Amino acid sequence: MEPPPEESLAERVHDVLSKIRRAAEKAGRRPDSIGLIAVSKTVSVARMQEGIDAGLTTFGENRLQEAVLKIAALRETAVRWHFIGHLQRRKVKPVIGVFDLVHSVDSIELAEEINHRASEAGMRQEVLLEVNIANEPTKAGFAGEDVVGVIPAMGILQHIRIKGLMTIPPLSSDAEQARPYFSQLRQIAARIANLAVPSVSMNELSMGMSNDYEVAIEEGATLVRVGTGIFGARYV
Ligand SMILES: *Cc1c(COP(=O)(O)O)cnc(C)c1O
């Protein structure tokens with residue numbers, strides 16, 4: 001949903017944060033159990049700085065080249081970075097340790113490469129597994145019925161820590177259309193948690209964007225990814 005153009009960026013940030021709080025309260029959840037990822041793809045560094053001044057703490061970027069430039073430009077700030085886009089295996093290295101969380105691990109091969117590069121860097125990279133919840137042919141991610149099965153193979157990778165799941169449901173202007181998909185993602189996470197694989201936790205559910213983050217929170221989201229609702233429409 002696009003915010004009214006006359007609203008300032010600070011007003012939009014406060015508006016989104018208060019909607020998150022209200023949705024949490026409505027669902028009987030603690031508002032501080034939900035993190036706002038401000039999706040800043042295509043947004044200028046100056047606007048991002050404005051957002052930081054208004055209270056944003058975490059940015060989500062989906063293109064590595066763009067992200068690397070912004071991270072360098074904003075290195076004096078305490079802001080955190082999440083990678084939310086499709087990640088190619090040959091581009092893993094610059095991601096390691098730079099992004100606090102990679103939302104978009106969509107294959108075992110990618111998980112293995114992240115594990116390998118994190119091992120070289122002597123650290124452990126936190127990731128989410130992306131689930132293509134409606135099995136859309138155009139979308140990346142594990143099929144809902146497959147993701148549970150890959151967990152044992154992922155669990156042996158010592159240099160990644162799987163923190164939960166991420167999904168992008170089919171596009172719809174009606175947020176209620178997304179509710180069953182959000183609910184399904186929560187149920188898949190519960191099945192994975194039941195496997196009790198040591199290095200795999202299911203504490204994070206990254207779901208909900210500008211259109212539907214309040215519904216996602218009602219269905220258990222712990223990370224919502226909001227772009228347009230904060231920065232306005234993207235023209236590129
Ligand atoms: C662009 C993007 C978003 C934000 O979408 P809005 O509708 O602008 O809030 C969230 N998640 C991912 C993975 C994206 O690529």
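These values consider heavy atoms only, across backbone and side chains, with no hydrogens, waters or symmetry-generated copies. None of these values were measured; they are calculated from a predicted model.
- A side-chain contact (heavy atoms from CB on, under 4.5 Å) with L205 is found for one member of L185, L128, T167, L223 and no other, namely L185.
- A 4.5 Å side-chain heavy-atom check between L56 and V79 finds every atom pair outside the cut-off.
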Applying salt bridge (charged side-chain N to carboxylate O under 4.0 Å, His left out) to E176 and R179, what does each step give before you reach the verdict? CA-CA 5 Å; E176 285 301 325; R179 188 184 293 277; 2.7 Å; yes
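- Heavy atoms only, all atoms of each residue included: P169 and D212 are closest at CG-OD2, 4.3 Å.
- A single hydrophobic cluster is not seen to contain both V98 and L69; linkage of ILVMFWY side chains at heavy-atom distances under 4.5 Å, directly or through other members, places them apart.
- Here the side chain of K91 pairs no donor or acceptor atom with the backbone of Q65 at under 3.5 angstrom.
- Electrostatic pairing of R47 and E50 counts as a salt bridge here, judged by a charged N lying under 4.0 Å from a carboxylate O.
- To the nearest 0.5 angstrom, I34 atom CD1 is 11.0 Å from E214 atom CD.
- Between K41 and E66, no side-chain nitrogen of the basic residue sits less than 4.0 Å from a carboxylate oxygen of the acidic one, so the salt-bridge criterion is not met.
- Here I230 contributes atom CD1 and M48 contributes atom CE; the two are 11.0 Å apart, rounded to the nearest 0.5 Å.
- Of all heavy-atom pairs spanning A221 and M207, the tightest one is CB-O, 3.3 Å.
- A donor-acceptor pair is defined here as one N or O able to donate and one able to accept, closer than 3.5 Å; no such pair exists between the side chain of R191 and the backbone of I188.
- Taking each heavy atom of R124 and I160 in turn, the nearest pair found is NE-O, 3.2 Å.
- T77 places a side-chain heavy atom less than 4.5 Å from the side chain of Q49.
- In this structure, F182 CZ and Q177 CD are separated by 11.5 Å, a value rounded to the nearest 0.5 Å.
- For residues 93-117, the set of pairs meeting the salt bridge (Lys or Arg N to Asp or Glu O under 4.0 Å) definition, not counting sequence neighbours, comprises E113-R117, R117-E120.
- Between H103 and H82, the ring-plane angle classifies as tilted under the 30° and 60° cut-offs.
- Here T228 contributes atom OG1 and R12 contributes atom CZ; the two are 10.0 Å apart, rounded to the nearest 0.5 Å.
- Screening N115, I114, I162 for a side-chain contact (heavy atoms from CB on, under 4.5 Å) with L157, the sole residue that qualifies is N115.
- Environment of CD in E145: crowded, with over 12 heavy atoms of neighbouring residues, nucleotides or ligands closer than 6.0 Å.
- In this structure, the side chains of F99 and I71 come closer than 4.5 Å at one or more pairs of heavy atoms.
- To the nearest 0.5 Å, the span separating CD1 on I156 from CD1 on I151 amounts to 12.5 Å.
- The local environment of CZ in R161 is sparse, with at most 12 non-hydrogen atoms from other residues, nucleotides or ligands closer than 6.0 Å.
- When side chains are defined from C-beta on, Y181 does not count as touching V215, because their heavy atoms never get closer than 4.5 Å.
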What verdict does the side-chain contact (heavy atoms from CB on, under 4.5 Å) test give for R29 and T222, after you've listed the backbone C-alpha separation in whole Å, the side-chain angles of each residue and the deciding distance to 0.1 Å? CA-CA 10 Å; R29 301 182 54 202; T222 64; 3.9 Å; yes
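- For the pair I168/E130, a side-chain contact is recorded, criterion being any heavy-atom separation below 4.5 Å from C-beta on.
- The heavy-atom pair separating L129 from M154 by the smallest distance is CD2-CE, 3.9 Å.
- Salt-bridge check for R186 with E219: passed, with a basic side-chain N closer than 4.0 Å to an acidic carboxylate O.
- Summarising the geometry of M166 relative to R225, their closest heavy-atom pair is CG-NH1, 3.4 Å, with the distance given to 0.1 Å.
- The cluster map of Ile, Leu, Val, Met, Phe, Trp and Tyr, joined by side-chain heavy atoms under 4.5 Å apart, puts V102 and L165 in the same cluster.
- Between W81 and F59, the ring centre distance stays below 6.0 Å.
- Between S104 and G85 the shortest heavy-atom distance is OG-O, 2.6 Å.
- Interatomic distance, OG of S40 versus CZ of R234, reported as 10.0 Å (0.5 Å rounding).
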